Amino acid sequence: MNDPLFDDAFDDWEPPTRLSELARAGVPAPYLDGLNPPQREAVEALDGPVLMLAGAGTGKTRALTCRIAHLLSTGRAKPNEILAVTFTNKAAREMKVRIGGLIGGAIEGMPWLGTFHSLCVRILRRHAELAGLKSNFTILDTDDQIRLMKQLIRDANIDEKRWPARQLAAVIDRWKNRAVTPERIPAADARAYGGEGPALYARYQERLKVLNACDFGDLLLHVVRIFQENPDVLERYQRWFRYILVDEYQDTNVAQYLWLRLLAKAHQNICCVGDDDQSIYGWRGAEVGNILKFETDFPGAKVIRLEQNYRSTSHILAAASALIAANEDRLGKTLWTQENEGERLRLMGVWDGDEEARWIGEEIESFERGARGRDPVSPDEMAVLVRASFQMRAFEDRFLAIGLPYRVIGGPRFYERMEVRDAMAYLRVVASPDDGLAFERIVNTPKRGLGDKAQQEINRTARENGVNLLEGARIAIAEKRVSAAARNSLDKVVTLFDTWIERAGATDFDHVEGAMQILEDFGYLDHWRKEKTPDAPGRLENVKELVKALEEFENLQGFLEHVSLVMENEQEDSVPKVSIMTYHAAKGLEFDCVFLPGWEDGLFPSQRSMDESGKRGLEEERRLAYVGLTRARKHLTVSFAANRRMYNQWQSALPSRFIDELPRDHVEVLTAPGLYGGVYGAAASVPQGSVLEARAAEASAYNSPGWARMQARAGRRSLRSPTEARTAVVDAEVAHGPGDRVFHQKFGYGAVTEVEGDKLTVAFEKAGEKRVVASFVTAADEIPF
DNA sequence: CATCTTCGCCGTTGC
DNA sequence: GGCGAAGATG
């Protein structure tokens with residue numbers, strides 16, 4: 001057991017006495033209390049492959065943590081012999097805490113509980129040389145990746161406009177997700193990226209090696225390859241990890257799947273937990289297929305379904321279940337609950353995005369006060385979930401305006417800020433001098449008179465001599481390959497780095513103080529002190545905060561690794577705050593009160609997703625909606641706007657098709673009668689006896705898209721009374737033709753130039769040519785005011 | 001030759 | 001609104 005690969009910290013570890021005695025006596029451990037039968041089965045079926053199909057809110061985390069506690073307390077494995085994979089670092093942290101709570105808090109944490117990426121880094125550092133790297137390799141983020149690829153594209157004389165670097169990044173990413181190496185690109189992919197993809201991929205990997213760096217995909221790919229090519233190494237890990245657990249299995253990609261299968265091959269003690277209905281990372285290479293074929297991959301697998309939902313009220317669960325039922329590709333589960341009926345899902349239509357933010361702000365305050373006979377809800381228990389991050393700003397602006405505390409989760413993050421990335425680049429060069437991308441980033445930041453010309457020369461020199469940029473710079477100075485002014489300034493940089501690289505190698509190096517001094521010496525702190533822009537002081541603060549964050553780590557490398565993998569800077573604060581985040585970031589979380597704004601076709605479901613992946617894309621969008629709906633415990637509000645400002649332009653939108661799929665019985669419509677945007681809602685709240693009501697009764701298939709869309713058309717036109725609504729329903733059928741003069745609420749007057757179905761192309765006098773939905777314009781002579 | 005200024009283009013989701 | 005490329009300035 002004295003394998004130097006693995007720590008011996010747990011050699012003397014024993015399960016808590018009380019628990020092991022209970023286990024020996026055959027008495028159920030206390031943590032088994034209150035588990036429902038399938039949960040309990042999932043906890044107790046320790047040997048052989050197990051697939052836990054766990055619907056939203058069915059207590060899968062509980063089952064998972066209990067299972068680990070059970071492995072530990074029955075003495076099946078020590079804490080460091082269990083490999084447990086979570087989807088986020090946050091989930092890993094929380095799970096450690098919960099396991100500690102279950103078995104008595106005595107464990108020092110589980111070293112092999114983490115995300116695929118963090119686990120792979122640990123393994124890769126130990127065997128870096130088998131992948132052609134040094135063990136102090138750096139991990140590049142997306143930004144670095146793109147910059148590197150841009151260089152390669154330029155070198156290959158490819159037109160960057162026609163072939164954007166992002167696209168190459170996407171192509172290479174897809175290959176890595178599927179564990180495709182440059183040597184084994186499938187014939188079908190040979191034409192990727194204008195036929196240059198395979199060659200550029202190979203060159204990219206070569207450059208990474210030279211830079212002693214790897215990207216996210218590499219972390220897995222390198223380890224998989226090391227396992228495949230070095231059976232002795234693989235065998236040691238197979239023996240060490242006696243039990244394997246995987247959370248969010250529906251979101252694993254091919255590379256991750258291969259990694260797991262290699263590690264589980266010998267003993268097959270693998271337990272995967274997932275929910276095909278919550279698979280929302282297809283765009284990142286996740287294969288729902290992994291979960292669907294688990295039983296084939298691991299013969300004799302036990303499949304356990306968790307279907308009792310403990311989270312949401314029955315109205316909310318019913319609405320979510322009905323929505324997801326529209327998907328065809330699913331295993332199918334029947335969630336049920338014993339919770340109260342609760343409130344129905346509330347549906348609100350508004351005129352534009354600003355009004356939506358205003359209204360939600362007011363609603364949040366009203367929930368906080370406990371108005372309308374509700375129990376007060378803390379802001380910590382409320383969340384606004386959006387499809388895309390650009391939607392967040394409207395809410396931030398509004399919440400700032402009314403003084404409502406909020407936190408943005410997963411938005412533009414601390415470690416992505418320019419000044420923080422600059423500061424880190426300095427530290428990266430010191431910790432890992434081969435990191436040319438970091439060197440490039442700061443060689444002329446702050447300005448040192450080292451522009452394009454000088455930098456190109458450094459690059460060329462380095463490449464010709466086969467050395468890193470720092471050495472290249474040194475040679476360029478010695479050989480006078482750059483101008484005298486540049487030489488002088490560059491020499492200072494090189495000398496300073498030499499000094500600090502040496503100091504950092506010393507055993508008594510204080511990395512916190514050192515980091516601050518590095519930034520001081522290079523003039524980076526002064527740079528922000530001198531800057532007169534209003535945001536300069538804040539940026540200086542951020543840099544100082546970054547240095548402070550170093551305190552929690554043993555050395556620079558540890559810190560830099562943490563940043564590249566975790567990228568979050570959470571500080572617990574005392575003020576309760578409303579959370580704003582994307583659906584993707586909300587996975588695994590739950591709140592008493594959830595707002596889902598922006599349910600408009602094209603935004604949600606995202607047009608791009610549908611264009612790129614067709615029906616598959618739409619189904620993933622629907623699963624995203626399902627994830628959103630199932631985050632709510634008690635209060636759930638969906639809203640949509642008739643108009644939204646995007647890229648400084650007004651665009652009109654139809655309500656999301658997902659709204660049509662919400663079952664009427666579980667929905668309360670708040671949209672004001674006769675007000676614009678009265679979809680779905682218009683009819684439900686139209687006064688008795690009105691024409692709209694008659695039409696609603698007629699349409700037996702109330703939830704049919706056709707009906708809802710007709711409502712949309714009718715409601716869309718700033719109507720104030722049922723009388724106007726009646727006219728509107730008729731008007732909506734009136735077609736506009738080319739040449740007609742029309743009026744639009746936001747764009748003003750214009751002339752129709754083209755008609756295509758219900759979309760018009762209109763040349764507006766002020767706003768220019770726009771494509772609009774026919775129902776949003778009126779003939780210019782009958783403006784409804 | 002470096003840096004500052006303006007213009008046109010682009011724009012999910014994230015470990 | 002942000003970014004990079006091209007043009008203007010010092």
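A quick note: this is a predicted structure, and the numbers were derived from the prediction, not measured. Here is the naming used below: chain letters follow the sequence lines, and residue numbers restart at 1 for every chain. Values below: every heavy atom of this structure, side chains too, minus hydrogens, waters and symmetry copies.
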Inset, instruction - Please confirm whether the backbone N or O of Ser579(A) pairs with a side-chain atom of Arg407(A), one donor and one acceptor, at under 3.5 Å? - result: no
Inset, instruction - Report the distance from atom CD of Gln607(A) to atom P of dT13(B), rounded to the nearest whole Å. - result: 16 Å
Legend entry - Arg166(A) side-chain N/O to dC3(C) phosphate OP1/OP2 under 4.0 Å: no
Inset, instruction - Send over the distance from Asp251(A) CG to dT13(B) C1', rounded to a whole Å. - result: 12 Å
Inset, instruction - Mind checking Ser606(A) for me? I need base, sugar-phosphate or nothing, with any heavy atom below 4.0 Å counting as a touch. - result: base
Inset, instruction - Rounded off to whole Å, could you give me the CD1-to-C1' distance for the Ile146(A) and dC3(C) pair? - result: 13 Å
Legend entry - Arg623(A) side-chain N/O to Ser279(A) backbone N/O, donor-acceptor pair under 3.5 Å: yes
Inset, instruction - Measure the distance from CG on Leu618(A) to C1' on dT13(B) and round it to the nearest whole Å. - result: 16 Å
Inset, instruction - Can you tell me the distance, in whole Å, between the CH2 atom of Trp283(A) and the P atom of dT12(B)? - result: 12 Å
Inset, instruction - For Asp352(A) and Glu355(A), indicate whether the former's side chain and the latter's backbone hold a donor-acceptor pair under 3.5 Å. - result: yes
Inset, instruction - Check the distance between dT12(B)'s P and Arg622(A)'s CZ and give it to me in whole angstrom. - result: 22 Å
Inset, instruction - Check every strand shown and say whether Arg154(A) touches a base, only sugar-phosphate, or nothing at a heavy-atom separation below 4.0 Å. - result: sugar-phosphate
Inset, instruction - Step through it carefully: locate the ring centre of Tyr237(A), locate the ring centre of His127(A), and say whether they are under 6.0 Å apart. - result: yes
Inset, instruction - Determine, for nucleotides 1-8 of chain B in 5'-to-3' order, which nucleotides have protein heavy atoms under 4.0 Å from the base (write B), from only the sugar-phosphate (write S), or from neither (write -). - result: SSSS----
Inset, instruction - Please state how far atom CG in Leu589(A) lies from atom P in dG14(B), giving the value in whole angstrom units. - result: 13 Å
Legend entry - Axial cation check for Tyr583(A) ring with Arg387(A), 6.0 Å and 45° limits: no
Inset, instruction - Classify the nucleic acid contact of Gln391(A) as base, sugar-phosphate or nothing, counting any heavy atom under 4.0 Å across all strands shown. - result: nothing
Inset, instruction - Let me know the distance between CG of Asp141(A) and P of dG14(B), rounded to the nearest Å. - result: 15 Å
Inset, instruction - Could you check Met610(A) against Thr115(A) and say which one's nearest nucleotide on DNA chain B is further toward the 5' end? - result: Met610(A)
Legend entry - Per-pair stack call Phe390(A) and dT12(B), 5.5 Å, 30°: no
Inset, instruction - Measure from the side-chain N and O atoms of Arg122(A) to the backbone N and O of Pro111(A), and report whether any donor-acceptor pair falls under 3.5 Å. - result: yes
Inset, instruction - Looking at every strand, decide which applies to Tyr281(A) at a 4.0 Å heavy-atom threshold: base, sugar-phosphate, or nothing. - result: sugar-phosphate
Legend entry - Note: Glu457(A)-Arg460(A) ion pair, threshold 4.0 Å (strictly below): yes
